[in-house]
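The figures that follow rest on heavy atoms only: side chains count, while hydrogens, waters and symmetry mates do not. Indexing begins at 1, ligand by ligand and atom by atom, following the structure's order. What you see is a predicted model, and the numbers here were worked out from it, not measured in a lab.
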Amino acid sequence: MKELEKFIIEGGKRLVGSIPISGAKNAALALLPAAMLADEGVCVLENLPDIDDVKVFIEIIRQLGGKVDRIGDYTFSIDSRNVSSYKCKSDDVKKMRASYYLLGAMLGKFKKAEVYYPGGCNIGVRPIDQHIKGFQALGAKVVTEHGVIKMYADRLIGSSIYLDVVSVGATINIMLAACKAEGITVIENAAKEPHVVDVANFLNSMGANIKGAGTDVIRIKGVNRLKGCTYTVIPDQIEAGTFMIAAAATCGDVTLKNVIPKHLTSITAKLVEMGVKVEEGADSVRVLGVAKPKAINLKTLPYPGFPTDLQQPMTSVLAVADGRSIVTESIFEGRFKHVDELKRMGANIKVEGRMAVIDGIPKLSGAQVCASDLRAGAALIIAGLIADGYTEVSGIRHIDRGYENIEKKLNSLGANIKRVK
Ligand code: UD1
């Protein structure tokens, strides 16, 4: 039972060495439903991270009639030719946010979809009105009944869609449906995150016609058929950023391999401001910490700004930085749940709405804390690494959803983390 598992962390160890970064969670969870759009052939996805959300998504595809086989450590083949159901009403759908991509994929494939309302981390209201607005613009009728989103379209017809907020999920979801629509769809104010580009590249390899991904205007010319292809998932920007922050927190010397340094620029910039040294290689970054990082101000923003997913891990380091930091969370209003846990460890943090004022203290002290969501879990692990004595982190099922073997990777760098029941 995952619910009963905990991490016990002995603080005070410096992280030294090098580790590989896994495939990107948020790319993988969009590429899997995208693969279901193939009308012919088999998709082979390489570098899929070994995380619980990916396992659950693979199970969902199997439940819908798809054939998914593991053909290498991180390589899976996805044969969707026998996917015949557009109804995704398994409870697994409620376990994660990314299940909303079943809406776009099923709408593109069948012109209809019935999918449970998605789950995922409880970090704010998280509406999906922009996804729905996009589907409606393509011609779908959308109703929600008993927690199920139902969509039907006689024809999907390309349209112009201006997103009221920059949404990664809405951008990708509209792309999924629009690549099988008639004519041209233009998404304006689109998200520019690396995984938006990854999904566009994958769909193009399947025969789609998508231009402009990575800018705020994406143009999609619909095609009749999509075919299988082989594709490698990009490295995980957020996993890499988490380890960069952990290295900085422990005054470590850590090299991360298999990364795209360009995706990490906003994190590198903030660490450098804190006095940390970051050396970029062609596909690696080395982070050299300092004994006492400097306080900084930080605001989360859509890419290429500082990612909201790394706000929580960063807060743990700033809790022991030299001076006062102000962290502004502009994406998710409920993303400060880790702060109460950090306070149990002695942190001096005041939260006012979307802002946290952090006065650095000399040291955190180990305590029993609980991860309320995925990135809160990463933040608490980092806090445990730098605290005096032992920290017990419960709620680690959230962490396993998105980090591959986090304790194994940290232990290989010299940390002391044990998973116990
Ligand atoms: C995705 C990521 C999540 C990351 C977030 C921001 C996945 C599975 N999850 O979440 O890890 O933290 O991007 O990088 O990839 N919004 C609306 N209406 C909508 C959609 C979004 O108002 O229809 C708002 C959200 O409440 C939020 C902002 O837009 O304030 C950005 O959300 P979005 O980019 O859509 O995040 P998610 O797709 O939920």
- Query: Is the closest heavy-atom distance from Q237 to ligand 1 below 4.0 Å?
  - Reply: no
Relative to [atom], which among [options] owns the nearest non-hydrogen atom?
atom                    : options               : value
atom 35 (O) of ligand 1 : P307, P302, S167, A98 : S167
atom 31 (C) of ligand 1 : N173, V166, D309      : V166
atom 33 (P) of ligand 1 : T171, V168, T308      : V168

Could you tell me whether [X] approaches ligand 1 through its side chain, its backbone, both or neither, with non-hydrogen atoms closer than 4.0 Å?
X    : answer
M96  : neither
R335 : side chain
Y303 : neither

Presence of salt bridge, [Y] and [X], under 4.0 angstrom:
X    : Y    : result
E5   : R397 : no
D39  : K180 : yes
E407 : K418 : no
E329 : R335 : no

Does an N or O anywhere in [X] fall below 3.5 Å from an N or O of ligand 1?
X    : answer
G169 : yes
V165 : no
K25  : no

Taking 4.0 angstrom as the limit and counting only heavy atoms of [X], give me the atoms of ligand 1 inside it, by number and element.
X    : value
D129 : 17 (C), 18 (N), 19 (C), 22 (O), 23 (O)
R126 : 10 (O), 26 (O), 37 (P), 39 (O)
I128 : 19 (C), 23 (O)
Q130 : 18 (N), 19 (C), 23 (O)

- Show your working on side chain to side chain donor-acceptor pair (under 3.5 Å) between E114 and Y152 and close with a plain yes or no. CA-CA 9 Å; E114 291 189 12; Y152 303 90; 2.4 Å; yes
Starting from [atom], what is the nearest protein heavy atom, named by residue and atom, and what distance separates them?
atom                    : result
atom 15 (O) of ligand 1 : N26 CG, 3.1 Å
atom 5 (C) of ligand 1  : F332 CE1, 3.8 Å
atom 38 (O) of ligand 1 : Y100 OH, 2.5 Å

Exercise answer: donor-acceptor pairs, residues 22-36 side-chain atoms, under 3.5 Å, sequence neighbours excluded:
| residue | atom | partner | partner atom | Å |
| --- | --- | --- | --- | --- |
| S22 | OG | E404 | OE1 | 3.2 |
| S22 | OG | K409 | NZ | 2.8 |

- Does the side chain of V115 reach to within under 4.5 Å of the side chain of K89, using non-hydrogen atoms? no
- Is the side chain of E341 donor-acceptor paired with the backbone N or O of C370 at a distance under 3.5 Å, no angle test? yes
- Item | Expected output: side-chain R286 to main-chain T255 donor-acceptor under 3.5 Å | no
- Item | Residue among D50, D92, D400 satisfying salt bridge (charged side-chain N to carboxylate O under 4.0 Å, His left out) with K55 | D50
